[in-house]
Structure formats: C-alpha cells, structure tokens
Amino acid sequence: MKIQAIYSYVLLGILTVSCSTEPNDSPPEEVAENPISASLVFPEDKTECNEGTIISDTQSRVEFRWESAANTDSYEVIVTHAERKDSVSFETMDNSQEITIDRGANYEWYVVSNSDLTTVTATSETFSFYNAAASEVHHVPFSAEAIAPENESEVTTTSGQIKLQWEASDIDEDIKEYEVYFGVDAKNLERISVQASTTLNVDVTIGNDYYWSIKTIDETNNTAVSETFSFSVL
C-alpha cells in the first residue's frame, strides 16, 4: 500500500512538471553583422572621366560603380561638385548608379553601405575626378589636401612655428603656384603667401585654434580652392 502511494505521488509529480513546462520553440535570435565599406571602382581617383552618355554641351550621364560589400542590403552614393560644394545622393541595391553631372567640372564621390539588420553603416574612401568637357585642352586642378597638420588635429610646438604641408594634382601637370590663406577666424582668413612649394612655416601661439586653406592655380589660371582645414596648438 505504501509503495502504491509513493508511486502515485511520483507519477503526479511527473505530470505536474510536464504540464507546467512550456517547450521553447522560439527561434534563435539573429546576430546582425555590420556592413563593410565598399571599394570604389569608377570613376577612378584623380583621373579624367571620358566615359558616359553626353546629354548636352554642359552635362553627361556617368555610371558610378563599386564592388559589392559584405553584410550590405543597400547603398547610398553621394556625389559632390568640388567647386560649388553641392551634393546629390541616390539609394540603390545594386553596385552601380547612373548620375547626371556637369561636364568640365571636378567632383568627389563616396558610397555608404547600409544593412536592414542594424543602424550601423560603413563609408568608403572618397575619390576625386574630373568630368571631361567637349574639346577641352586645359583642365581645372584638383583641390589641395592637407598632409600636416592633419585636419582637426592637435599639435605641439617648441619653436612657436608649425609647418603646413599639402598636396595637389592636375591632369595637365601644369600647377603654377599656391595661395596660402591662414588665421584664427575661419570666415576671415588672410592670404599670407603665394608660392610654388607645398610647405610653409607659420607662426602660432599655444592655446589657439588655427584655420587654413589653399588655392591651387595652374598655368592657364584655372583655380581650385580647398576646404578649410583646422588644427589646435597645445
């Protein structure tokens, strides 16, 4: 009798556990992997673009291309007119996009990789190119880029001077000179030098923020103005 009672209690316990335990049918949570930066293909960096469909004397349609990036569902391609600084952007799930742009102008472009599973994005490097004009002999230089100090960097000095260094290029390879603009007010820079070299020592004071830009001039007086760079002196 005791054995039968014990058996009944054990059976009841098993049934209770079985009824109260819900099966875990939830699928495993998907782990989102961040998208990878795309590698740009065309137009190539610091080259002249002669491809595309000519729409008029002033515009052409160019196919921008990049390599497919891992963990990416869509792309945003951003193209900026280097002189006017205005941009256009297009979203696509492909790794190419046709865009109508001006002829005889410098452009910069890059691609942002997006994923449907995460808000994290990945940005490619930025390429510069010149979109060719009809029967053009001379080209506008590309905007200069800061080498040192790096843009928005912090630097130290023991001599009260900092060396500015930059680089620029021109398809015609006929850069004549550079105008250097420098100061503590980004909206009111002073032209401090006109020179052929790409370095210049400037006087600085510890604790100040400084701003500078470069105007590149070629032999036919085509010009390109860089963005305004900055650095802080510690």
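Keep in mind the model is a prediction, meaning the values are calculated, not measured. Only this structure's heavy atoms are used, side chains among them; waters, hydrogens and symmetry mates stay out.
- With contacts defined as side-chain heavy-atom distances shorter than 4.5 Å, the pair Ser232/Asn208 does not qualify.
- A single hydrophobic cluster is seen to contain both Val202 and Ile206, as judged by linkage of ILVMFWY side chains at heavy-atom distances under 4.5 Å, directly or through other members.
- Put simply, Phe90 and Val79 are part of the same group of oily side chains (I, L, V, M, F, W, Y) that touch within less than 4.5 Å, one to the next.
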Note to self: As a quick check of understanding, evaluate salt bridge (Lys or Arg N to Asp or Glu O under 4.0 Å) for Glu179 and Arg191, giving each step before the final call.
What the structure shows: CA-CA 7 Å; Glu179 293 182 1; Arg191 188 178 73 176; 3.4 Å; yes
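- Heavy-atom contacts from other residues, nucleotides or ligands closer than 6.0 Å to NZ of Lys85 number more than 12.
- In this structure, the side chains of Val88 and Ile99 come closer than 4.5 Å at one or more pairs of heavy atoms.
- A distance-only check finds no donor-acceptor pair linking the side chain of Thr80 to the backbone of Ala82 [under 3.5 Å].
- Clustering ILVMFWY residues whenever any of their side-chain heavy atoms sit less than 4.5 angstrom apart, transitively, puts Val41 in the very cluster that holds Phe127.
- Linking Ile, Leu, Val, Met, Phe, Trp and Tyr residues whenever their side-chain heavy atoms come within less than 4.5 Å leaves Ile54 and Ile101 in two separate clusters.
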Check: Does the pair Arg61 and Ile55 meet the rule for a side-chain contact (heavy atoms from CB on, under 4.5 Å), with working shown?
Finding: CA-CA 7 Å; Arg61 187 181 300 112; Ile55 299 174; 3.9 Å; yes
Item checked: Derivation of the salt bridge (Lys or Arg N to Asp or Glu O under 4.0 Å) call for Glu145 and Lys46 -> CA-CA 12 Å; Glu145 299 178 359; Lys46 291 186 172 57; 3.0 Å; yes
Next item on the list: Start with the C-alpha gap between Thr72 and Asn114, add the side-chain angles, then the distance that decides, and say whether side-chain hydrogen bond (donor to acceptor under 3.5 Å, both in side chains) holds.
Entry: CA-CA 5 Å; Thr72 300; Asn114 301 292; over 6 Å; no
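- Closest of all the heavy-atom pairs between Thr118 and Glu33 is CG2-O, 4.3 Å.
- Shown here for Phe42 and Glu63, the closest heavy-atom pair between the two residues is CD2-O, 3.5 Å.
- The OG1 atom of Thr58 lies 8.0 Å from the CZ atom of Arg103; values are rounded to the nearest 0.5 Å.
- For the residue pair Phe64 and Pro43, the shortest heavy atom distance occurs at CD2-CD, 3.4 Å.
- For the pair Asp170 (side chain) and Asp172 (backbone), a donor-acceptor distance under 3.5 Å is present.
- Just one residue in the list Thr216, Asn221, Asn222 forms a side-chain hydrogen bond (donor to acceptor under 3.5 Å, both in side chains) with Asp218, and that residue is Asn222.
- Close placement of the Trp166 and Tyr178 rings is indicated, their centers lying within 6.0 Å of each other.
- Looking at heavy atoms from C-beta onward, Ser60 lies out of side-chain contact with Thr53 at the 4.5 angstrom threshold.
- Note: Ile78 CD1 to Thr126 OG1 = 9.0 Å, rounded to the nearest 0.5 Å.
- No side-chain heavy atom of Ile214 sits under 4.5 Å from any side-chain heavy atom of Tyr181.
- Between Phe182 and Tyr210, the ring center distance clears the sub-6.0 Å criterion.
- Atom CG in Asn71 sits 5.5 Å away from atom CD1 in Ile36 (nearest 0.5 Å).
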Note to self: Is there a side-chain contact (heavy atoms from CB on, under 4.5 Å) between Glu108 and Tyr110? Walk through the geometry before answering.
What the structure shows: CA-CA 7 Å; Glu108 297 176 346; Tyr110 63 93; over 6 Å; no
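- Closest approach of Ser37 to Thr123, counting heavy atoms only: OG-O, 3.2 Å.
- In the hydrophobic clustering of this structure, Val204 groups with Ile192; members are Ile, Leu, Val, Met, Phe, Trp, Tyr whose side-chain heavy atoms approach within less than 4.5 Å, directly or through other members.
- Going from atom CG of Asn50 over to atom CZ of Phe129 covers 11.5 Å, rounded to the nearest 0.5 Å.
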Margin query: Between Asp86 and Arg84, does the salt bridge (Lys or Arg N to Asp or Glu O under 4.0 Å) criterion hold? Intermediate values first, please.
Written below: CA-CA 5 Å; Asp86 56 329; Arg84 296 197 306 260; 3.2 Å; yes
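- Side-chain atoms of Asp209 and Val184, non-hydrogen and from C-beta on, never get closer than 4.5 Å to each other.
- Partners of Glu67 according to the side chain to side chain donor-acceptor pair (under 3.5 Å) rule, which considers only residues two or more places apart in sequence or in another chain, do not exist here.
- Contact record, Tyr75 with Ala69: OH-N, 2.8 Å, taken as the closest heavy-atom pair.
- The CD atom of Gln165 sits 4.5 Å away from atom CD1 of Ile147, with the distance rounded to the nearest 0.5 Å.
- Residues Val62 and Glu51 are not in side-chain contact: their nearest non-hydrogen atoms beyond the backbone lie 4.5 Å or more apart.
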Next item on the list: Please lay out, stage by stage, how Leu164 and Val180 fare under the test side-chain contact (heavy atoms from CB on, under 4.5 Å).
Entry: CA-CA 10 Å; Leu164 304 180; Val180 183; 4.2 Å; yes
Next item on the list: In sequence, state the C-alpha distance, the side-chain angles, and the governing distance for Phe229 and Trp212, and then conclude on ring-ring contact (aromatic ring centres under 6.0 Å, His included).
Entry: CA-CA 5 Å; Phe229 311 116; Trp212 59 293; 5.0 Å; yes
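- For the residue pair Ser128 / Asn106, no side-chain donor-acceptor distance below 3.5 Å is found, with atom types taken as modelled.
- Rounded to the nearest 0.5 angstrom, Leu40 CG and Glu125 CD are separated by 6.0 Å.
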Next item on the list: Test Ser159 against Gln161 for side-chain hydrogen bond (donor to acceptor under 3.5 Å, both in side chains), laying out the working first.
Entry: CA-CA 5 Å; Ser159 63; Gln161 286 192 328; 5.1 Å; no
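- For the pair Asn95 (side chain) and Trp66 (backbone), a donor-acceptor distance under 3.5 Å is present.
- The backbone N or O of Val77 lies less than 3.5 Å from no partner atom in the side chain of Ser89, so there is not a single donor-acceptor pair.
- The side-chain heavy atoms of Val155 and Leu234, taken from C-beta on, include no pair separated by under 4.5 Å.
- Checked by atom type and distance alone, the side chain of Gln195 pairs as donor or acceptor with a backbone atom of Thr199 at under 3.5 Å.
- Under the 4.5 Å side-chain criterion, counting only non-hydrogen atoms from C-beta, Asn131 is in contact with Cys49.
- Heavy atoms of other residues, nucleotides or ligands lying less than 6.0 angstrom from CD of Glu152 number 12 at most.
- Proximity of a side-chain donor or acceptor of Asp185 to a complementary backbone N or O of Lys187 within less than 3.5 Å is detected.
- Ring-centre distance between Tyr107 and Phe142: not below the 6.0 Å cut-off.
- Considering every non-hydrogen atom in both His139 and Tyr130, the closest pair reads CD2-CE2, 3.2 Å.
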